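Below, all heavy atoms of this structure are taken into account, side chains as well, without hydrogens, waters or symmetry copies. Computed from a predicted model, the values in this text were never measured in an experiment.
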Amino acid sequence: MNASASPQPSHTIAGQGGETHQGADDAGIPTMTTQQGVPVSDDQNTLRNGARGPALMEDFHFREKIFHFDHERIPERVVHARGYGAHGYFELTDSLADVCHADIFRHVGEKTPAFVRFSTVAGGRGSSDVVRDVRGFAVKLYTRQGNWDIVGNNIPVFFIQDAIKFPDFVHAAKEEPDRGFPQAQTAHDNFWDFVSLSPEATHMVCWAMSDRAIPRSFRFMEGFGVHTFRLIDAQGRSTYVKFHWKPRQGLQSVVWNEALKINGADPDFHRRDLWNAINAGDYPEWDLGVQLFDDEFADSFDFDILDPTKLIPEELVPVRRVGRLVLNRVVDNFFAETEQVAFCTQNIVPGIDFTNDPLLQGRNFSYLDTQTKRLGGPNFTHIPINAPKCPFHNFQQDGHMAMHNPKGRANYEPNSWPQPQGGARENPATGYRSFPQEQSGEKVRERSASFGDHYSQARQFYISQTPVEQTHMKDAFVFELSKVETPAIRVRMLTHLRNVDETLAHGVAEGLGISPLPPAARPFVPVRTDLPASDALSILKNGPDSFHGRKLGIVVTEGTDADLLGAVLEAAHDIGAETELVGPRIGNICNDRGKVLPVMQKINGGPSVLYDAVVLLPSAQGTRLLLGEATMRDFIADAFAHAKFIGYGADAEALLDAAGVTAGARDDGVIRLGGVGDAAAFVKACAALRFWQREPHVHAV
Ligand code: HDE
């Protein structure tokens with residue numbers, strides 16, 4: 001089914017009631033019309049009184065066109081404004097019928113249409129893709145029992161424990177209200193003021209300062225439902241569940257200096273990546289994983305399973321993979337689909353239920369409310385991307401832009417009109433039923449004491465990282481806090497980091513020039529130092545096993561060695577990597593056999609930050625030209641500094657030297673391609689994605 005299929009006539013079809021004489025010209029080109037279907041004779045010139053005279057108000061075509069243009073924008077999302085979506089499907093690979101009666105989890109092999117929107121949180125709709133931020137990972141599943149939205153993030157925990165704090169958190173994270181900046185980043189006083197005054201944020205802040213917050217691509221990141229939900233079986237029994245999306249492509253992030261440069265070179269880096277991959281037929285896939293547990297586990301677990309600032313380590317409750325999500329179709333129209341898609345946490349289906357997580361409970365109010373404001377009324381469910389793909393009937397009616405207008409007399413029930421006029425009726429057997437959890441207690445505004453440990457899992461996250469990742473975290477804290485102008489805020493943040501890890505706190509203090517360290521913040525409960533490291537929390541321990549789906553940038557010039565280039569291209573394509581030729585100019589470059597090369601990027605428009613690894617294959621003559629090109633030196637110096645694999649042909653040595661990658665500096669990640677036989681080994685080496693051993697040698701500060 002096509003979620004974008006619109007019941008409206010498309011822009012290019014003149015009318016619904018069959019073509020008229022004005023529908024198309026002899027060549028089949030449709031005639032432009034107004035919104036009313038009136039054919040247009042001239043779309044270039046306003047109707048005016050004399051060629052140099054004033055415009056005439058009766059020009060209904062001009063007025064309609066400008067009026068419509070004036071109304072093109074809808075409010076952007078208050079958070080997650082910048083996003084990118086794609087269509088696909090979910091396929092069940094392992095039945096969950098033992099614990100869940102939802103139709104989507106019963107029939108192995110069945111495919112359910114899906115739409116996914118990835119997003120950043122803080123920036124506006126026009127901000128850059130590779131900012132340091134949490135990524136939204138929102139999945140709409142068009143099941144046979146209605147739409148189920150899993151509105152998750154790429155980080156399994158959140159900053160706050162109670163939804164009532166969300167407006168404050170978001171205000172603090174977004175641009176400061178007096179000056180209107182900084183855009184799309186948390187490196188400013190208000191954010192760090194808020195989180196340093198909210199110890200519960202410490203765990204999530206550690207994730208946000210890790211490389212999770214600068215993913216290489218949407219394709220290479222995990223998704224999490226974050227909250228604990230319930231699965232309900234056919235007998236009405238409940239099992240707790242945490243949802244995970246595990247990318248089959250493996251995890252990958254960029255480094256911070258690279259992110260800064262990508263945002264300049266290609267602000268659309270992530271959306272372009274998804275668009276290109278899907279259009280190339282390299283469909284990204286994620287496994288749906290579930291962590292299932294019962295009350296007994298919940299009672300014995302060290303933390304409250306309702307607390308969204310905590311995760312359940314996979315070592316304690318393994319992730320059972322039950323299906324796969326495949327994205328295989330880009331949108332036809334960005335606005336109609338990606339912009340108008342309305343995710344709501346309260347969209348659940350029979351067999352799934354909420355828990356009392358206070359963040360989730362608050363979200364269940366917020367999303368319906370926000371969509372109504374954003375999309376202009378209660379009928380946003382009539383928009384094709386939001387409409388269920390199963391039959392749906394009720395007596396809700398009218399409102400702005402109502403598209404599903406029932407015929408007949410009955411618009412209420414009970415009614416005594418015969419069918420079909422009588423309309424739909426509730427169905428106690430198949431209808432949604434909430435899990436009848438017993439509730440008791442006084443009405444209070446109170447945080448449960450079981451939510452009180454704010455540091456132990458932050459510490460566990462930190463010690464689960466590889467040394468490279470720990471260094472990146474330290475650097476991220478230093479970077480962000482160095483942009484904070486108020487010294488007391490920087491110091492306050494250090495008081496929390498001391499409860500996470502002393503080495504981290506010392507490193508950050510040193511980077512900020514703070515000495516001596518302030519005392520540690522007093523925790524509500526003693527920090528647990530005995531929680532073991534969890535490999536699942538590291539990106540580098542969960543990378544890919546090949547260079548598949550990654551992008552190789554290859555520098556070529558006039559006279560490039562055709563055989564070597566051919567071998568590199570073949571080796572890359574054999575394992576499913578993308579390649580792009582970069583040259584002194586695009587088009588009209590010939591290799592040493594006189595064959596024209598499809599050069600897609602001019603060297604100053606295709607910096608190495610756009611590639612996962614690079615190969616330098618200039619001819620001797622090309623090297624002489626490029627030695628005078630500053631952006632060529634940047635290309636190599638950046639690739640080296642960002643710990644990328646660099647392959648080079650014999651004629652490229654002078655370029656390496658010029659970029660500071662002299663013979664003495666070259667390590668095992670700088671690989672000489674002496675002949676065609678070396679190409680496959682180079683591409684194989686690239687599976688490691690980065691030559692991390694280099695990093696300490698390129699950063700003295
Ligand atoms: Fe959201 N969030 N959120 N959020 N959120 C929105 O809904 C909100 C939270 C998430 O691609 C808004 O349509 C509250 C956690 C995603 O369209 C809004 C709270 C998680 C998206 C809203 C949270 C998320 C949103 C803004 C605290 C991860 C983008 C526009 C209680 C589990 C969906 C909109 C898309 C969007 C409210 C916290 C994920 C205002 C009140 C936790 C992926 O309704």
Trainee: Between CG of L288 and CH2 of W245, what distance do you get to the nearest 0.5 Å?
Mentor: 4.5 Å
Trainee: Return the set of residues passing side-chain contact (heavy atoms from CB on, under 4.5 Å) with F334 (not counting sequence neighbours), or none when no residue passes.
Mentor: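 Y84, R271, T338, E339.
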Trainee: Any side chain to side chain donor-acceptor pair (under 3.5 Å) involving residues 614-623? Give me the pairs, sequence neighbours left out, ordered by first then second residue.
Mentor: T557-S619
Trainee: Between Q470 and T503, does the side-chain contact (heavy atoms from CB on, under 4.5 Å) criterion hold? Intermediate values first, please.
Mentor: CA-CA 10 Å; Q470 289 180 340; T503 316; over 6 Å; no
Trainee: Going by the rule side-chain contact (heavy atoms from CB on, under 4.5 Å), which residues pair with P284 if we only count those two or more places apart in sequence or in a different chain?
Mentor: R219, Q249, L274, I278, W286, L327
Trainee: Would you compute the distance between atom NE2 of H270 and atom OG of S217 and round it to the nearest 0.5 angstrom?
Mentor: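 The NE2 atom of H270 sits 6.0 Å away from the OG atom of S217.
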Trainee: Can you name the closest pair of heavy atoms from P247 and F220 and give their distance?
Mentor: CG-C, 4.2 Å
Trainee: Cut-off 3.5 Å, side chains only: do E469 and S538 have a donor facing an acceptor?
Mentor: yes
Trainee: Is it true that D657 and R666 make a salt bridge, defined as a side-chain N closer than 4.0 Å to a carboxylate O?
Mentor: yes
Trainee: May I ask you to establish whether R77 and F343 are in a cation-pi arrangement, using a distance under 6.0 Å from NZ or CZ to the six-membered ring centre and at most 45° from the ring axis?
Mentor: no
Trainee: If every non-hydrogen atom of A613 is compared with every non-hydrogen atom of C686, which pair is closest and at what distance?
Mentor: CB-SG, 3.7 Å
Trainee: Among all residues two or more places apart in sequence or in another chain, which pass the salt bridge (Lys or Arg N to Asp or Glu O under 4.0 Å) test with E580?
Mentor: K551
Trainee: Check salt bridge (Lys or Arg N to Asp or Glu O under 4.0 Å) between E91 and all other residues, then give those that pass, not counting sequence neighbours.
Mentor: R324
Trainee: Looking only at non-hydrogen atoms, find the nearest pair between F137 and G223 and report the distance.
Mentor: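 Reported closest heavy-atom pair: CD1-CA, 3.5 Å.
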Trainee: Go through F640 and D667 one step at a time and tell me if the side-chain contact (heavy atoms from CB on, under 4.5 Å) criterion holds.
Mentor: CA-CA 10 Å; F640 190 70; D667 51 38; 3.9 Å; yes
Trainee: Side-chain contact, heavy-atom cut-off 4.5 Å: P607 with D638?
Mentor: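 No - every pair of side-chain heavy atoms lies 4.5 Å or more apart.
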Trainee: Can you name the side chain to side chain donor-acceptor pair (under 3.5 Å) partners of S119, sequence neighbours left out?
Mentor: H80
Trainee: For the atom pair CD (Q252) and CG (L689), what is the distance rounded to the nearest 0.5 Å?
Mentor: 4.5 Å
Trainee: Which pairs with one or both residues in residues 542-593 pass ring-ring contact (aromatic ring centres under 6.0 Å, His included), sequence neighbours excluded?
Mentor: none
Trainee: Mind checking what makes side chain to side chain donor-acceptor pair (under 3.5 Å) contact with K541, not counting sequence neighbours?
Mentor: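 By the side chain to side chain donor-acceptor pair (under 3.5 Å) rule, K541 matches D535.
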Trainee: What distance do S128 atom OG and R82 atom CZ have between them, rounded to the nearest 0.5 Å?
Mentor: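 One finds 6.5 Å between OG of S128 and CZ of R82.
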Trainee: Please state whether the rings of F118 and F218 are parallel, tilted or perpendicular, taking 30° and 60° as the class boundaries.
Mentor: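 Plane angle under 30°, so parallel.
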Trainee: Checking N542 against E222: is there a side-chain donor and acceptor pair closer than 3.5 Å?
Mentor: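 Result is no, nothing qualifies.
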Trainee: By the definition ring pair (Phe, Tyr, Trp, His ring centres under 6.0 Å), identify the one residue from Y462, W692, F477 that meets it with H472.
Mentor: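 For H472, the ring pair (Phe, Tyr, Trp, His ring centres under 6.0 Å) test succeeds with only one of Y462, W692, F477, which is W692.
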Trainee: Atom CZ of F461 and atom CH2 of W207: how far apart are they, to the nearest 0.5 Å?
Mentor: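 The CZ atom of F461 sits 5.0 Å away from the CH2 atom of W207.
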Trainee: Sequence neighbours excluded, which residues qualify as side-chain contact (heavy atoms from CB on, under 4.5 Å) partners of D668?
Mentor: F691
Trainee: Answer yes if the side chains of H87 and E337 hold a donor-acceptor pair under 3.5 Å, and no otherwise.
Mentor: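 Their side chains do contain a donor-acceptor pair, which is all the 3.5 Å distance test asks for.
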Trainee: Just wondering, do L655 and L627 contact through their side chains at under 4.5 Å, heavy atoms?
Mentor: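 Yes - at least one pair of side-chain heavy atoms lies under 4.5 Å apart.
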Trainee: If you apply the rule salt bridge (Lys or Arg N to Asp or Glu O under 4.0 Å), what do you find for D129 with R272, and how did you get there?
Mentor: CA-CA 10 Å; D129 277 349; R272 195 187 306 280; over 6 Å; no
Trainee: Could you check L251 against R212 for side-chain contact (heavy atoms from CB on, under 4.5 Å), going step by step and ending with a plain yes or no?
Mentor: CA-CA 9 Å; L251 297 184; R212 296 265 176 173; 3.9 Å; yes
Trainee: Under 4.5 Å between any side-chain heavy atoms of S608 and I636, yes or no?
Mentor: no
Trainee: List for me each residue that meets salt bridge (Lys or Arg N to Asp or Glu O under 4.0 Å) alongside K174, sequence neighbours excluded, and say none if there are none.
Mentor: none
Trainee: Sort out for me which residue in N333, V331, V341 forms a side chain to side chain contact (heavy atoms under 4.5 Å, CB included) with I385.
Mentor: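 For I385, the side chain to side chain contact (heavy atoms under 4.5 Å, CB included) check succeeds only for V341.
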Trainee: Compare every heavy atom of V599 with every heavy atom of L581, then report the nearest pair and how far apart it is.
Mentor: O-CG1, 3.7 Å
Trainee: Kindly indicate whether the side chain of V205, heavy atoms from C-beta on, has any atom under 4.5 Å from the side chain of W192.
Mentor: yes
Trainee: State, yes or no, whether a side-chain contact exists between R690 and L540 at a heavy-atom distance under 4.5 Å.
Mentor: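 R690 does not reach L540 side chain to side chain.
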Trainee: Using a 6.0 Å cut-off, check whether atom CD of E485 has over 12 heavy atoms from anything other than its own residue.
Mentor: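 Counting other residues, nucleotides and ligands, CD of E485 stays at 12 neighbours or fewer.
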Trainee: Would you mind checking if E258 and R216 are paired as a salt bridge, meaning a charged N to carboxylate O distance below 4.0 Å?
Mentor: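 Between E258 and R216 there is no salt bridge, as every charged N stays at least 4.0 Å from the carboxylate O atoms.
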Trainee: Could you report the tightest heavy-atom contact between V134 and V121, atom names first, then the distance?
Mentor: O-CG2, 3.5 Å
Trainee: Surrounding CD of Q183 (heavy atoms of other residues, nucleotides or ligands, distance under 6.0 Å), is the total greater than 12?
Mentor: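 Counting other residues, nucleotides and ligands, CD of Q183 exceeds 12 neighbours.
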Trainee: Would you mind reporting whether E480 and M493 have side-chain heavy atoms less than 4.5 Å apart?
Mentor: no
Trainee: Name all residues meeting the side chain to side chain donor-acceptor pair (under 3.5 Å) criterion together with T486; count only those two or more places apart in sequence or in a different chain, and write none if there are none.
Mentor: D189
Trainee: Is there a side-chain contact between D43 and K65, using heavy atoms and a 4.5 Å cut-off?
Mentor: yes
Trainee: Under a 4.5 Å cut-off applied to non-hydrogen side-chain atoms, are Q601 and V555 in contact?
Mentor: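 Sidechains of V555 and Q601: no contact.
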Trainee: Could you list the residues that satisfy side chain to side chain donor-acceptor pair (under 3.5 Å) with N257, not counting sequence neighbours?
Mentor: K261, H642
Trainee: To the nearest 0.5 Å, how far apart are CG in L564 and CG in L569?
Mentor: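 Rounded to the nearest 0.5 Å, the CG-CG separation comes to 9.5 Å.
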Trainee: Does CG in D545 sit with more than 12 non-hydrogen atoms of other residues, nucleotides or ligands closer than 6.0 Å?
Mentor: no
Trainee: Under the side-chain contact (heavy atoms from CB on, under 4.5 Å) criterion, do R125 and R73 qualify, and how do the steps go?
Mentor: CA-CA 11 Å; R125 191 152 51 189; R73 291 290 169 274; 3.5 Å; yes
